[in-house]
Amino acid sequence: MISWFAATAPASVLPLSIKHTRELAALHAAAFARPWSAFDFERLLVERDVYGDGLFLGESRPPQGFCLSRVRRDEAEVLTIAIAPSLRGKGHARRLLHSHLETLRARRVIRVHLEVDEGNRAALALYARFGFSEIGRRAGPGRFDDGERATAILMAADL
Ligand SMILES: CC(C)(COP(=O)(O)OP(=O)(O)OC[C@H]1O[C@@H](n2cnc3c(N)ncnc32)[C@H](O)[C@@H]1OP(=O)(O)O)[C@@H](O)C(=O)NCCC(=O)NCCS
């Protein structure tokens with residue numbers, strides 16, 4: 001019964017709070033090579049200018065995805081976005097980012113920036129769908145197995 005509910009419960013996007021930090025750290029560790037701790041998330045979520053939205057599949061269940069941005073005047077930077085591995089490829093990031101950009105628009109943000117590794121095809125497709133385009137490149141923080149630096153693509157979109 002519980003698994004049926006989890007599989008069919010509608011997804012909603014709701015603001016994150018510090019009660020979610022451990023779950024966010026676990027999701028982050030499953031998505032990125034350099035994981036952020038629960039304390040990292042707590043420090044971000046208490047910042048006045050940081051907005052975090054979570055993807056929830058059922059009311060009392062933990063978040064299954066997140067998106068955090070920092071706002072500076074009328075611009076914002078997407079700090080991180082991820083969906084639980086088992087739920088990828090089902091349109092959840094599209095739903096999450098759509099709501100998150102609405103959150104930013106409601107805070108009078110008119111331009112959004114982000115960075116993405118050039119090999120991250122899923123993220124590039126996601127951002128293209130929301131009108132993000134490349135504005136530059138730089139050596140990214142990531143490294144390949146042979147020590148070569150990954151290239152980060154800098155993108156921006158007007159809301
Ligand atoms: C990037 C990420 C958030 C996308 O989440 P998702 O829920 O799987 O994405 P969606 O199902 O909403 O699909 C969004 C778009 O990406 C495309 N896509 C999804 N997975 C893909 C893949 N493996 N390869 C290529 N395109 C892919 C979808 O077709 C869709 O494009 P469309 O709207 O043109 O059809 C998810 O892969 C993730 O958590 N990755 C690890 C963390 C990460 O890399 N974050 C981004 C850092 S910049």
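One-based numbering, in listed order, for ligands and for the atoms of each.
- For ligand 1, the atoms sitting less than 4.0 Å from at least one non-hydrogen atom of G89 are 6 (P), 7 (O), 8 (O), 11 (O), numbered in the order shown with element in parentheses.
- Of the inter-residue distances, the one linking I83 atom CD1 with L55 atom CG reads 5.0 Å to the nearest 0.5 angstrom.
- Within 6.0 Å of CD1 in I18 there are 12 or fewer heavy atoms belonging to other residues, nucleotides or ligands.
- For atom 44 (O) of ligand 1, the nearest protein heavy atom (residue, atom name, distance) is N120 ND2, 2.7 Å.
- With R129, H28, M155, K90 as candidates, the residue nearest to atom 32 (P) of ligand 1 on a non-hydrogen basis is R129.
- In summary, E75 and R72 do not engage in a salt bridge, as defined by a charged side-chain N under 4.0 Å from a carboxylate O.
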**Request:** Evaluate side chain to side chain donor-acceptor pair (under 3.5 Å) for T103 paired with D53, printing each intermediate quantity in order.
**Result:** CA-CA 9 Å; T103 302; D53 286 311; 3.1 Å; yes
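- Checked by distance only, ligand 1 and A82 stay at 3.5 Å or farther apart across all their nitrogen or oxygen atoms.
- Ring to ring, F56 and H20 are close: their centroids are under 6.0 angstrom apart.
- Taking distance alone, with nitrogen or oxygen atoms compared against 3.5 Å, I81 approaches ligand 1 more closely than that limit.
- For atom 29 (O) of ligand 1, the nearest protein heavy atom is 4.0 Å or more away.
- Among protein heavy atoms, atom 42 (C) of ligand 1 sits closest to F32 CZ, 3.5 Å.
- Which parts of ligand 1 touch R94 is read off a 4.0 Å heavy-atom cut-off, strictly below it: atoms 12 (O), 30 (C), 32 (P), 33 (O), 35 (O).
- An N or O contact shorter than 3.5 Å links R88 to ligand 1 by distance.
- With distances taken over non-hydrogen atoms, the option nearest atom 22 (C) of ligand 1 out of G91, C67, A122, A93 is A122.
- Numbered from 1 in the order shown, with element, the atoms of ligand 1 that lie under 4.0 Å from a heavy atom of E115 read 48 (S).
- For R137 and E118, the salt-bridge test passes: some basic side-chain N is under 4.0 Å from an acidic carboxylate O.
- Checked against salt bridge (Lys or Arg N to Asp or Glu O under 4.0 Å), D74 has no partners two or more places apart in sequence or in another chain.
- Annotation for ligand 1: atoms under 4.0 Å from non-hydrogen atoms of A125 are 16 (O), 17 (C), 31 (O).
- In this structure, the protein non-hydrogen atom closest to atom 14 (C) of ligand 1 is L126 CD1, 3.9 Å.
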**Request:** Show your reasoning for whether salt bridge (charged side-chain N to carboxylate O under 4.0 Å, His left out) applies to R111 and D158.
**Result:** CA-CA 4 Å; R111 191 163 171 80; D158 292 327; 2.8 Å; yes
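- The aromatic rings of H28 and F66 sit parallel, their planes meeting at an angle under 30°, below the 60° perpendicular limit.
- Checked by distance only, ligand 1 and Y127 stay at 3.5 Å or farther apart across all their nitrogen or oxygen atoms.
- Ligand 1 has a nitrogen or oxygen under 3.5 angstrom from a nitrogen or oxygen of I83.
- When only interatomic distances are considered, the shortest N/O to N/O separation between A31 and ligand 1 does not fall below 3.5 Å.
- In terms of modelled atom types and a separation under 3.5 Å, the side chain of R70 and the main chain of L79 share no donor-acceptor contact.
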